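Only one structure is covered here, and it is reproduced in the block below.
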Amino acid sequence: MNPDQLRTVGAPLHSGAPDGDPATAWQRRLLDYRLVSPLNRRKFTVIVVGTGLAGAGCAAALGELGYHVESFTFHDAPRRAHSVAAQGGINAARGRKVDNDSVARFVKDTVKGGDFRAREADVYRLAQESSRVIDHMNAIGAPFAREYGGSLATRSFGGVQVSRTYYTRGQTGQQLQIAASQALLRQVAAGTVNLHTRAEMLDLIVDGGRAVGVVTRNLVTGEISATTGHAVVLATGGYGNVFFRSTLARNSNASATWRAHERGALFASPSFIQFHPTALPVNSEWQSKTILMSESLRNDGRIWVPATAGDDREPGDIPDADRDYYLERMYPAFGNLSPRDVSSRAARTQIDAGHGVGPLKNSVYLDFRDALERLGKDTIAQRYGNLFAMYRDATGEDPYRVPMRIAPGAHFSMGGLWSDFDQMASIPGLFVAGEAGWAYHGANRLGANSLLSACVDGWFTLPMSVPNYLAGQLGTQAPGPDDPVVRETLAEVTARVDRLLAIGGTQGPDRFHRRLGDILYRGVGVSRSAAGLAAAIGEIDELTAEFWTDLRVAGGPGEFNQELEKAGRVADFLGLARLMCIDALDRDESCGAHFRVEHQSADGEAQRDDERWCFVSAWEPAASGSSERGGPGGGGPVRRDEPLEFTAVPLATRNYKR
């Protein structure tokens, strides 16, 4: 299958970053931003969808500044957002360890870790604001671990050789989310933020080319309503759940970003999906998700497989001479803390070669024997106690006595809605934050940069860039409830819901979702090929046609109806999955987590093609609509390219062996 049959190529994009040295781009941009007078801020309404670290931080900060904020979450409380699931820590270039860390090294590690497919100026902002993030979250109540003398403690994470990761045992995301939620609720109590719980965004309202509101459905009553404002921020998380079995919460979905894409917002690098090497393996065909075990465990745990394929001995009966500590052997400079894409491919190679362990032979060992002997059980329990307890509860096995079993699992989406340097999408007035966007991470995210990027966006970027946009909207009014564009969007959402309910087929949405996940793990998983991607596109088209003719949704629209929620999300996943495969087929190179088997070195490493592919692919929807309406859109999506330049970190082949 030729990519030219599936897509067309449009005009190139510009990042909007200031010209010149990327190290000073953010400071120069801040000085150029227009401001809104404190007396004028209450005249503006900003809609923030999502209450994770990015959304809660943005809503709280804008509320504190005096703007009126409408905050939406489909959870029953903002603290339940999926940021709570991050475990191991949050990075910052504070350089307190005297280990030669710095802002420049942070940028080098992150650009290199993303295999040179991120915007260099964005990464500098991430590094430069990182110290403020730690100081801020510490100030508002995050209980960071401390050294004996009282200073904040750090540890290492994958893809780096310094200790820049701040943590709260194995529950860093949860503690940061609690702190951010309290800051948000403070603004709710102050009256600057109006919080809507159990409300799911189903569409974006666009008027005259600008984002002016959202349509949401009350998940308890089924009521569909519109909320309008002067700007919209989407902080709705990533789309890893498109794989069905992922480390994400079961309700995590892509509907908000995908509906914005259908309204014209560009979608960047949809095929860039990270498979976490430290997830629990699938143990049953009917397992509904995988479970994340923190990358921090790889500081003290050693990963190995039996050196002889098919060795069925208990792990404790296999001596060191018969073990293959393959990451330490293959990547001696980084060992068990090699980047996630490298570690996942290595694990998959071992499993496919017959060295897998466990009942289904689909995992590798993460062993703490040596660390327990060296440090003692009390120290290991202090560092990872809650993670060990979670593993024991999930598997019935005691990791203090036997090795953990881990395997790559769909985890984080580096792709997302394209945004410029100001975090504004291709639709003016629409801003993107956190994992809903594409910024910072390139083709592979380094561990502990996820919480950081969400906090940088929410607390320290959007509170600066959104007012810059609003300053030009002074004196304008948001559309009213009877405005034609509002009524038309409401009618379209209602018609979509009615269509899902009217199909009257025989299969529930979960069955389609599970089948879609199987297709994606085969076609666009840890490794991809042209033949596999072409086959996956055909299978997705067939599954999409079947979905729109044989879907069964029990219940009605005007009530609590989780089957209806799932049906809408799966419909969006189908359209997104097709675009993921087109993007992966189109990008004829290997880079980071996008590993095309046709493009690898003699020793199995990813081979980039910087001559042809040193750009970000950002996709416009097909002219006649998306595959959500049944089958591929006419003419296919349009690829827009944003060229990438690297001056501070010159292009180079990644090497984690020395």
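Residue numbers count from 1 along this sequence. All values derive from a computational prediction rather than experimental measurement.
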Is it the case that the side chains of Asp572 and Ser255 hold a donor-acceptor pair, with the cut-off being a distance below 3.5 Å and no angle test? yes
Determine all donor-acceptor pairs shorter than 3.5 Å in which one atom belongs to a side chain in residues 387-394; sequence neighbours excluded.
{"from": "Tyr391", "atom 1": "OH", "to": "Glu397", "atom 2": "OE1", "distance (Å)": "3.2"}
{"from": "Tyr391", "atom 1": "OH", "to": "Arg405", "atom 2": "N", "distance (Å)": "2.9"}

Side chain to side chain contact (heavy atoms under 4.5 Å, CB included) filter on Ala265, not counting sequence neighbours, yields Ala260, Leu417, Ser426, Ile427, Leu430
My understanding is that only residues two or more places apart in sequence, or in another chain, count here; which of them pass salt bridge (charged side-chain N to carboxylate O under 4.0 Å, His left out) with Lys566? Asp510, Glu563
Point-to-point distance, once rounded to the nearest 0.5 Å, from NZ of Lys289 to CG of Leu280: 9.0 Å
Looking at CD of Gln274 and CG of Leu446, how far apart are the two atoms once the value is rounded to the nearest 0.5 Å? 8.5 Å
Any chance you could measure Arg125, atom CZ, to Tyr440, atom OH, to the nearest 0.5 Å? 4.0 Å
Distance-minimising heavy-atom pair for Ala536 and Cys581: CB-SG, 3.9 Å
To check you understand the geometry: which heavy-atom pair defines the closest contact between Leu53 and Ala180, and what is its length? CD2-CB, 3.9 Å
Any side-chain to backbone donor/acceptor pair from Ser130 onto Ala127? Under 3.5 Å, distance only. yes
Can you list the residues that meet the ring pair (Phe, Tyr, Trp, His ring centres under 6.0 Å) rule with Phe74, with sequence neighbours excluded? none
Here the gap from Ile273 atom CD1 to Arg528 atom CZ, rounded to the nearest 0.5 Å, amounts to 7.5 Å
As a test of understanding, state which of Arg654, Lys112, Arg348, Arg445 forms a salt bridge (charged side-chain N to carboxylate O under 4.0 Å, His left out) with Asp341. Arg654
Any residue meeting salt bridge (charged side-chain N to carboxylate O under 4.0 Å, His left out) with Arg329, in chain and number order, not counting sequence neighbours: Asp324
Mind checking whether His513 and Phe244 have parallel, tilted or perpendicular rings, split at 30° and 60°? perpendicular
Between His355 (side chain) and Pro306 (backbone), is there a donor-acceptor pair under 3.5 Å? yes
Using side chain to side chain contact (heavy atoms under 4.5 Å, CB included) as the criterion, list what pairs up with Thr349, not counting sequence neighbours. none
What's the shortest heavy-atom distance between His261 and Leu579, and which atoms? NE2-CD2, 4.0 Å
In chain order, what residues pass the side chain to side chain donor-acceptor pair (under 3.5 Å) check against Thr165, with sequence neighbours excluded? Asn91
What pair of heavy atoms forms the shortest contact from Asn241 to Ser246, and how long is it? OD1-OG, 2.5 Å
Polar contact flag, side-chain donor to acceptor under 3.5 angstrom, Arg345-Gln350: no
Contacts of Thr172 meeting side chain to side chain contact (heavy atoms under 4.5 Å, CB included) (sequence neighbours excluded), chain-then-number -> Ile90, Tyr167, Thr168, Leu176, Leu451
Who are the side chain to side chain donor-acceptor pair (under 3.5 Å) partners of His599, not counting sequence neighbours? Asp588
Using the test side chain to side chain donor-acceptor pair (under 3.5 Å), find all partners of Ser590 that sit at least two apart in sequence or belong to another chain. none
State, without any angle test, whether Tyr166 and Asn138 hold a side-chain donor-acceptor pair at a distance under 3.5 Å. no
Under 3.5 Å side-chain donor-acceptor pair for Thr247 and His411: yes
Please say which of Phe573, Trp438, Phe272, Phe267 ends up in a ring pair (Phe, Tyr, Trp, His ring centres under 6.0 Å) with Tyr239. Phe267
Interatomic distance, His276 atom NE2 to Ser343 atom OG [nearest 0.5 angstrom]: 9.5 Å
Quick check against the 3.5 Å criterion: does His594 have a side-chain atom that pairs as donor or acceptor with the backbone of Arg587? yes
Go through the structure and list residues passing salt bridge (charged side-chain N to carboxylate O under 4.0 Å, His left out) with Lys361, not counting sequence neighbours. Asp312
Go through the steps for Glu589 and Arg608 under the test side chain to side chain contact (heavy atoms under 4.5 Å, CB included), then give the verdict. CA-CA 5 Å; Glu589 68 161 354; Arg608 297 194 320 268; 3.7 Å; yes
Kindly write out the residues that satisfy side chain to side chain contact (heavy atoms under 4.5 Å, CB included) with Val597, not counting sequence neighbours, or none if the list is empty. Ser527, Ser529, Phe595, Gln600
